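Data block below; observations after.
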Amino acid sequence: MPRSLVLNDPGCTRCKLHLETENVCEPGIGPRRSKIMVVSRMPNSGSYQTYLEAALTNAGLDVNEIYFTSVIKCRSFDVEPRKPEFVACAPYLADELAWVKPEFILAFGNEPLKELSGHSGIMKWRGKVIEAKAVPGASMFATISPAAVMRNPRQEPAWRADLKFFANATKGIHSNVASERPKITVAWKKDHLPLLKEALATADTVSYDIETTGFDEFDPDGAIVSVAFTLLHRDKGQSIEDGTVTIWALPLWHPQSPFRLNWRKVLQYVKPGMIKPHRKLAHNGKFDDRWLHKHGVPMDVTFDTMLAAHILDENREKGLKPLARVILGVGEWAISTKNLIDTPLKEVLLYNALDTYYTFLLWTHLRKDLIDQPRLLKLFMRVTMPASPLLREVEQHGIWVDREKLDTAHKIAFDTRDHIDEQLMQWVPDPASPGSSLHAQSNEPWPTKGKTIKPVEVNFNPSNFARWWLFEHLGLPIYERGKTKADGSPGDPSMREGVMFMLRETGHPVIDLLLERAKWQKYCSTYVNRYKEIMDENHRIHTTFKIAGTVTGRMSSGKADDEKISSRADRGRGVNLQQVPRDPFIRGLFGAPPGWAFIEADFSQVELRLGAYIAREPTMLQLFAMGADLHIYIAARALGIPDSQVTKAQRKEVGKPTNFGFLYGMYPKKFVITMWEQQQMVYTLQQAEHFRKTYFREFPGLQKWHTRQKRIAHQNGRVVSPLGRIRHLPDIYSEVQSVVMEAERQAINSPVQAMGSDMNTLSGILINQNLKAMGLRAHVLGVVHDAVNLECYIPDLPRALPMIKDTMENLPFKELFGAEVTVPIISDLQVGSHWGGATELTTDQIYNFDKATRDLILPERS
DNA sequence: TGAAGTCGCGCG
DNA sequence: AAAGCGCGCGACTTCA
């Protein structure tokens with residue numbers, strides 16, 4: 001039905017915003033039939049508009065030819081527009097779009113993106129050409145809003161690159177086709193292969209990338225579709241800039257490839273060339289290296305552009321495409337489909353080759369940035385880069401699972417959960433007439449699904465059913481609610497553990513059952529079931545580490561990104577091996593195969609030691625010098641008991657949270673909560689305040705250090721760890737106080753966490769090197785923030801154990817980083833057949849490892 | 001049915 | 001007024 005255009009309606013009362021503004025329903029500004037439309041979230045204020053126009057002009061656009069408008073039409077700073085407001089405003093923008101009919105649309109921020117394209121997630125969609133759902137045929141682009149850039153100036157370069165990209169596109173300039181680059185040589189025929197091999201073998205630098213099919217390199221159907229190289233040749237003494245750059249592509253398993261049937265042989269043929277150049281560049285090379293190793297090419301990246309970009313700026317996007325956009329000003333070159341097999345070979349090769357070329361160009365930029373920061377360069381070359389081949393090995397090797405134990409645990413976990421469910425069912429009423437049940441405390445009817453009348457199913461996980469059942473039907477009190485909903489209605493009643501502890505006081509028997517059930521449910525779903533699914537034929541489980549996954553330099557572990565796509569029936573083999581429950585019921589499922597021993601080597605209290613060292617806190621340093629255990633020390637004081645009476649559980653549940661909490665800026669209120677939730681111990685706020693004061697009086701260096709870190713963060717916008725790792729803290733300049741305070745706490749935490757994780761990574765690297773140099777039969781199995789796990793052939797334990805301990809306790813800080821570490825670093829070794837329940841060895845047992853010790857810790861394997 | 005957001009908990 | 005940090009993932013809900 002035709003509808004007249006209503007570009008603006010000053011009398012609009014469609015949502016509450018009209019009450020909050022002087023100017024109801026502001027129309028856009030600019031000429032009708034503009035080729036370009038810019039859409040913000042709300043009408044821009046004068047200063048934003050000025051800033052925005054200057055930036056657009058700078059990008060090469062004529063602002064007089066642009067139509068500026070917004071999704072929300074009423075400008076208000078007091079009321080946050082929510083769903084109803086967006087719904088109310090939508091028709092106005094739709095009218096404007098129909099009226100102006102732009103060819104190019106630029107959306108600023110997530111809401112305009114969503115309104116115009118239906119997609120959410122501005123960081124994912126920025127910088128791409130997106131189909132504008134509202135205007136068929138128009139090209140749409142999105143980037144972050146000028147407001148976000150003004151709040152956080154570090155975003156500015158990338159934002160300006162986005163604007164430039166957009167401006168070029170409106171003029172028909174596409175940097176991906178216009179950019180000058182060497183022509184790509186494709187090895188189409190057998191005769192070409194010697195040329196490629198020779199070119200590789202004589203290259204100074206090779207940038208490489210593979211295209212693959214299948215899920216991971218273990219997939220029996222997995223194959224390498226193609227491989228490409230960008231090569232740098234230079235004569236002696238010639239600079240990198242003056243060298244000769246060539247690009248090559250080699251089709252392998254692709255259906256149109258001439259080498260489809262003998263792709264493995266072809267790969268083997270060029271292999272000597274591939275591994276010859278001393279500098280090997282790749283973007284996330286660990287992935288390619290895993291595949292190449294699997295297919296007999298021992299390739300290991302020496303300069304990874306993803307890792308370099310991350311160490312230089314841990315907050316930025318690290319994908320090849322966003323980096324190419326921001327650093328090189330290159331637009332999209334990706335082929336549209338992810339299905340390489342159905343994509344014409346020529347396209348695949350072009351894409352593959354350009355990946356290597358842009359990786360190469362990125363390297364020329366990133367290496368300069370690193371050379372400008374020598375400390376960061378050292379850290380990069382000595383820790384970050386060597387971590388890539390180490391973790392490549394670790395991921396390939398996997399960790400051994402005791403299959404029989406796993407089967408038993410699986411059965412126990414599911415049986416236990418199901419048994420608890422049966423008991424809980426006694427409290428569940430007849431769905432038809434819940435009110436008439438014996439236990440009913442209310443007449444509220446059984447809940448239904450969303451807006452339908454379909455009844456929800458019984459579900460004891462936190463769900464609509466469980467909340468209704470617990471808080472309506474059984475009438476238990478609501479102590480806590482979740483976040484207020486978008487429409488302003490109160491959040492759902494919380495069912496978290498801490499709340500359940502409080503509900504215990506009601507004496508209702510379902511509470512303990514629910515608490516117990518939650519534990520077993522998690523065991524079932526997250527652990528035993530997953531482990532069973534992903535265990536390979538050698539009873540091993542594999543993870544994927546992210547070297548550039550955290551802002552502090554820690555490694556993270558889990559599934560690879562492409563394993564997370566939920567549309568895939570098989571959801572990948574990866575699993576997080578850094579969050580295996582300490583309960584021996586789960587942790588004890590992992591271990592070393594028969595004939596081998598499992599070793600967990602962890603740094604004792606390392607972050608606390610480093611905190612004391614970095615803060616130069618005299619009392620703590622003295623206690624550590626005396627060999628004290630500060631977690632026991634502080635747990636005893638919090639609990640009001642002698643040191644000797646502190647149990648392992650109390651050390652973990654009271655000592656650690658208290659030390660780390662206060663070290664990193666925790667306040668008394670949270671201490672009270674922690675004591676209650678960990679120990680069900682009641683501290684009053686006054687007692688907690690007193691305890692905290694006592695803590696800081698006892699360790700006076702901490703307060704000064706906190707002040708120092710805050711000052712540094714405010715002055716420099718960043719903090720630096722003793723080994724040179726940088727944490728940028730743009731939020732320190734926020735106008736919102738709570739955001740600033742968060743950044744201040746991060747300024748305190750980051751150097752400590754960064755140094756601990758870099759030490760741990762370095763340990764893994766050096767231990768692995770030493771194992772190889774000594775010819776020991778042992779493998780690193782994983783890194784867990786302050787621990788390195790290994791498996792070792794039992795006869796080699798006497799030589800491996802002392803080396804591991806020595807390596808960790810005597811890291812070459814001075815030689816590698818020029819740092820003088822003045823706190824004792826201690827490594828504790830636990831050895832056994834399995835991870836959970838391994839025995840901690842004394843120093844004497846480690847350095848004089850004998851049969852008696854072996855029989856003690858590995859009784860069934862001696 | 002998939003995508004996105006929230007909650008809660010596992011680890012350090 | 002509000003205040004440990006760093007992660008990954010499964011279950012649930014809502015929305016298109």
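Lettering follows sequence order; numbering is per chain, from 1. Note that the structure is a prediction, hence the values are computed from the model and not measured.
Between A:Lys286 and A:Glu395 there is a salt bridge, with a side-chain nitrogen of the basic residue lying less than 4.0 Å from a carboxylate oxygen of the acidic one. Salt bridge status for A:Arg725 with A:Glu314: absent, with no side-chain N to carboxylate O gap under 4.0 Å. By the 4.0 Å N-to-carboxylate-O rule, A:Asp492 lies too far from A:Arg481 to be salt-bridged with it. With respect to the salt-bridge test (charged N to carboxylate O, under 4.0 angstrom), the residues A:Arg554 and A:Glu607 qualify. We find that A:Lys519 and A:Glu497 are not joined by a salt bridge, their nearest charged nitrogen and carboxylate oxygen being 4.0 Å or further apart.
Counted by atom type alone, A:Ser750 and A:Thr552 present zero donor-acceptor pairs between their side chains at under 3.5 Å. Residues A:Tyr523 and A:Asp583 have side chains that bring a donor and an acceptor to within less than 3.5 angstrom of each other. A:Asn461 and A:Arg517 share a donor-acceptor pair across their side chains, judged by distance under 3.5 Å alone. Side-chain N/O atoms of A:Asn659 and A:Tyr695 include a donor and acceptor closer than 3.5 Å.
C:dA3 and B:dC7 have their P atoms separated by 15 Å, given to the nearest Å.
Distances shown here put a side-chain N or O of A:Arg530 below 4.0 Å from the OP1 or OP2 atom of C:dG10. Side-chain N/O atoms of A:Arg481 include none lying less than 4.0 angstrom from OP1 or OP2 on B:dC7. Put simply, A:Thr526 has no side-chain N or O that comes within less than 4.0 Å of OP1 or OP2 on C:dG10.
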Listing time: all N or O pairs from protein to nucleotides 2-6 of chain C that are below 3.5 Å?
from: C:dA3; atom 1: OP2; to: A:Lys669; atom 2: NZ; distance (Å): 3.3
from: C:dG4; atom 1: OP2; to: A:Tyr667; atom 2: N; distance (Å): 3.4
from: C:dG4; atom 1: O3'; to: A:Arg745; atom 2: NE; distance (Å): 3.0
from: C:dC5; atom 1: OP1; to: A:Arg745; atom 2: NE; distance (Å): 2.9
from: C:dC5; atom 1: OP1; to: A:Arg745; atom 2: NH2; distance (Å): 3.1
from: C:dC5; atom 1: O2; to: A:Gln753; atom 2: NE2; distance (Å): 3.3
from: C:dG6; atom 1: OP1; to: A:Arg727; atom 2: NH1; distance (Å): 3.3
from: C:dG6; atom 1: OP1; to: A:Arg727; atom 2: NH2; distance (Å): 2.9
from: C:dG6; atom 1: OP1; to: A:Gln746; atom 2: NE2; distance (Å): 3.0
from: C:dG6; atom 1: O4'; to: A:Gln753; atom 2: OE1; distance (Å): 3.2
from: C:dG6; atom 1: O4'; to: A:Gln753; atom 2: NE2; distance (Å): 3.0
from: C:dG6; atom 1: N3; to: A:Arg554; atom 2: NH1; distance (Å): 3.2

Are there any protein N/O atoms within less than 3.5 Å of an N/O atom in nucleotides 14-16 of chain C, and if so, which ones and at what distance?
from: C:dA16; atom 1: OP1; to: A:Lys83; atom 2: NZ; distance (Å): 2.8

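Distance A:Ile541 CD1 to C:dC9 P: 14 Å, rounded to the nearest Å. Distance, A:Trp520 CH2 to B:dC9 P: 17 Å, rounded to whole Å. The nearest whole Å value for the distance from the CG atom in A:Leu610 to the P atom in B:dG12 is 17 Å. Taking atom CG of A:Leu663 as the reference point, atom P of B:dG12 lies 18 Å away to the nearest angstrom. In this structure, A:Asp492 atom CG and B:dG8 atom P are separated by 9 Å, rounded to whole Å. As rounded to whole Å, 17 Å separates atom P of C:dA11 from atom CZ of A:Phe460. With rounding to whole Å, A:Lys519 atom NZ is found 20 Å from C:dG10 atom P. Remark: P of C:dA11 and CZ of A:Arg517 are 11 Å apart, rounded to the nearest angstrom.
Among the heavy atoms of the strands lying under 4.0 Å from A:Lys483 are primed sugar atoms or P, OP1, OP2 only; no base atom is included. Contacts of A:Arg587 with the nucleic acid, taken as non-hydrogen atoms under 4.0 Å apart, involve only primed sugar atoms and P, OP1 or OP2. In this structure, A:Ser557 reaches the sugar-phosphate backbone alone: every heavy-atom distance under 4.0 Å involves primed, P, OP1 or OP2 atoms, never a base. The residue A:Asn459 sits close only to the backbone: its heavy atoms come under 4.0 Å of sugar-phosphate atoms, none of a base. Nucleic acid contact class of A:Met555 (heavy atoms, under 4.0 Å, all strands): none. Here A:Val575 lies out of heavy-atom contact (under 4.0 Å) with every strand.
Looking at heavy atoms from C-beta onward, A:His714 lies in side-chain contact with A:Glu744 at the 4.5 angstrom threshold.
Look at B:dG2: its Watson-Crick or wobble partner, with both distances under 3.5 angstrom, is C:dC15.
Listed nucleotides: C:dC7, B:dC9, B:dT6. Nearest to the side chain of A:Ser556: C:dC7.
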